[in-house]
Amino acid sequence: MNQNGVLTTKKEVASSGGSEYQFPEEEMTFKGRLDSRSWGKKFNLVCNFTAEDGRKWKLIAFGRRSHYDGNVYAPKNCVYNFAEDWLEGMSFVCTIKKNGKGRYVWVSAE
């Protein structure tokens, strides 16, 4: 785990229950608690949420440059940087949409 509380190894992800989380396979909006985060294979941040209905979702946040904050890892429509440790345990309303390539992507978090 790094200084921001992001899991950095496969062993850390496995011991945190990371394999319980699934990628969405439909468009949806849900309210969920951010349980943990880990670095993905393609310069992305994997954010694990538990929804109010008990389902566990794995969402991907890609980095984008900010003139003020450096790299920000978040969905496109979001003011939070999910790479920051103080967000763990907080609840968010997350929206998943199907993009032009047919993939389900995380588009917003409030």
Side-chain angles (χ1 to χ4, degrees):
M1 183 177 304
N2 70 14
Q3 70 274 11
N4 289 328
V6 178
L7 305 174
T8 56
T9 67
K10 288 181 181 181
K11 186 176 180 179
E12 289 174 344
V13 173
S15 67
S16 73
S19 60
E20 299 173 13
Y21 298 86
Q22 303 297 317
F23 288 110
E25 295 181 352
E26 62 183 308
E27 291 188 336
M28 69 175 82
T29 298
F30 70 91
K31 183 175 182 181
R33 180 188 68 242
L34 178 62
D35 296 328
S36 63
R37 300 158 298 133
S38 62
W39 291 112
K41 296 178 183 177
K42 298 186 179 188
F43 305 108
N44 59 357
L45 187 65
V46 179
C47 299
N48 296 316
F49 289 88
T50 299
E52 288 182 323
D53 63 5
R55 295 185 294 173
K56 295 183 178 282
W57 297 115
K58 183 186 300 189
L59 305 179
I60 302 294
F62 288 97
R64 63 180 189 269
R65 293 288 300 158
S66 165
H67 294 290
Y68 305 105
D69 300 322
N71 282 337
V72 174
Y73 290 86
K76 187 174 184 176
N77 301 316
C78 182
V79 298
Y80 300 103
N81 182 356
F82 281 86
E84 296 179 4
D85 62 343
W86 62 273
L87 295 174
E88 272 193 33
M90 291 183 64
S91 291
F92 297 89
V93 175
C94 298
T95 302
I96 313 303
K97 296 282 184 184
K98 192 173 191 176
N99 70 11
K101 295 181 180 179
R103 296 184 184 130
Y104 293 97
V105 296
W106 186 17
V107 296
S108 69
E110 299 174 358

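Not a single donor-acceptor pair under 3.5 Å links the side chain of Asn48 to the backbone N or O of Lys58. No donor-acceptor pair closer than 3.5 Å links the side chain of Asn71 to the backbone N or O of Gly63.
In this structure, CG in Leu87 is found 6.5 Å from CG in Leu34, a value given to the nearest 0.5 Å.
Using a 4.5 Å cut-off between side-chain heavy atoms of Ile, Leu, Val, Met, Phe, Trp and Tyr, with links allowed through other members, Phe23 and Leu45 fall into different hydrophobic clusters. Linking Ile, Leu, Val, Met, Phe, Trp and Tyr whenever their side-chain heavy atoms come within less than 4.5 Å puts Phe82 and Val79 in one cluster. The cluster map of Ile, Leu, Val, Met, Phe, Trp and Tyr, joined by side-chain heavy atoms under 4.5 Å apart, puts Phe49 and Trp86 in the same cluster.
Among the candidates Phe30, Tyr80, Trp57, the single residue satisfying the ring-ring contact (aromatic ring centres under 6.0 Å, His included) test with Phe92 is Tyr80. None of Glu26, Glu27, Met28 except one satisfies the side chain to side chain contact (heavy atoms under 4.5 Å, CB included) rule with Pro24; the exception is Met28.
When all heavy atoms of Asp53 and Arg55 are compared, the closest pair comes out as OD2-NE, 2.9 Å.
Side-chain contact check for Tyr21 versus Val46: every heavy-atom pair is 4.5 Å or farther apart.
In this structure, Asn99 has no side-chain hydrogen bond (donor to acceptor under 3.5 Å, both in side chains) partners at least two apart in sequence or on a different chain.
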Expected list for residues 102-110: side-chain donor-acceptor pairs under 3.5 angstrom, two or more places apart:
{"from": "Trp106", "atom 1": "NE1", "to": "Ser108", "atom 2": "O", "distance (Å)": "3.0"}
{"from": "Ser108", "atom 1": "OG", "to": "Thr95", "atom 2": "OG1", "distance (Å)": "3.3"}

